[in-house]
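In what follows, a structure is listed as structure tokens, so that the remarks can point back to it.
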Amino acid sequence: MSPRRNRPRRDDVERLDTERARQGVASVQQWRDGDWQVRGISGGSSVKTYRCPGCDQEIRPGVAHLVAWPADGRGDLTDRRHWHSGCWRARDRRAPVIQRGRGAPRHG
């Protein structure tokens with residue numbers, strides 16, 4: 001009698017698509033302003049600085065966040081936006097961010 005094999009054979013193991021694993025899997029989310037493709041970005045694959053449209057703050061390299069773009073197929077790569085995960089979840093509850101210059105008054 002031979003001993004039981006504890007490890008699966010190499011040819012039985014599914015090959016993981018490393019690009020898909022690195023970039024995450026896109027899902028479609030429905031919001032009041034339409035359907036959006038949303039993909040999570042891990043901190044390890046985040047190498048550039050982006051500006052979150054929800055809070056107008058920077059998303060620094062190494063910070064996990066998500067990318068969203070219209071799911072209707074009318075947009076292109078320029079319609080992708082990088083969001084903090086919390087800002088994306090709270091976008092229906094927030095007013096639009098007003099971007100002001102440094103010399104503009106804070107209130108009013």
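Just so you know, these numbers use all the heavy atoms, side chains as well, and skip hydrogens, waters and symmetry mates. What you are looking at is a predicted structure, and each value in this text was computed from that prediction instead of being measured.
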- Query: Rounded to the nearest 0.5 Å, how far does CZ of R91 lie from CZ of R89?
  - Reply: 13.0 Å
- Task: Measure the spacing between CH2 of W83 and CG of L66 and express it to the nearest 0.5 Å.
- Result: 9.0 Å
- Message: Would H65 and Y50 count as a side chain to side chain contact (heavy atoms under 4.5 Å, CB included) here? Give the steps.
- Response: CA-CA 10 Å; H65 61 282; Y50 300 99; 4.0 Å; yes
- Query: If only atom types and distance count, is the side chain of R32 paired as donor or acceptor with the main-chain N or O of D92 below 3.5 Å?
  - Reply: yes
- For the side chain of R81 and the backbone of A68, is there at least one donor-acceptor N/O pair under 3.5 Å apart? no
- Query: Who are the side chain to side chain contact (heavy atoms under 4.5 Å, CB included) partners of Q57, not counting sequence neighbours?
  - Reply: C55, H84
- Hits for side chain to side chain contact (heavy atoms under 4.5 Å, CB included) against R60, two or more places apart or cross-chain, chain-then-number order -> T49, E58, V63
- Under the side-chain hydrogen bond (donor to acceptor under 3.5 Å, both in side chains) rule, collect the residues that match up with W36, sequence neighbours excluded. D33
- Message: Is any side-chain heavy atom of D56 closer than 4.5 Å to one of R51?
- Response: yes
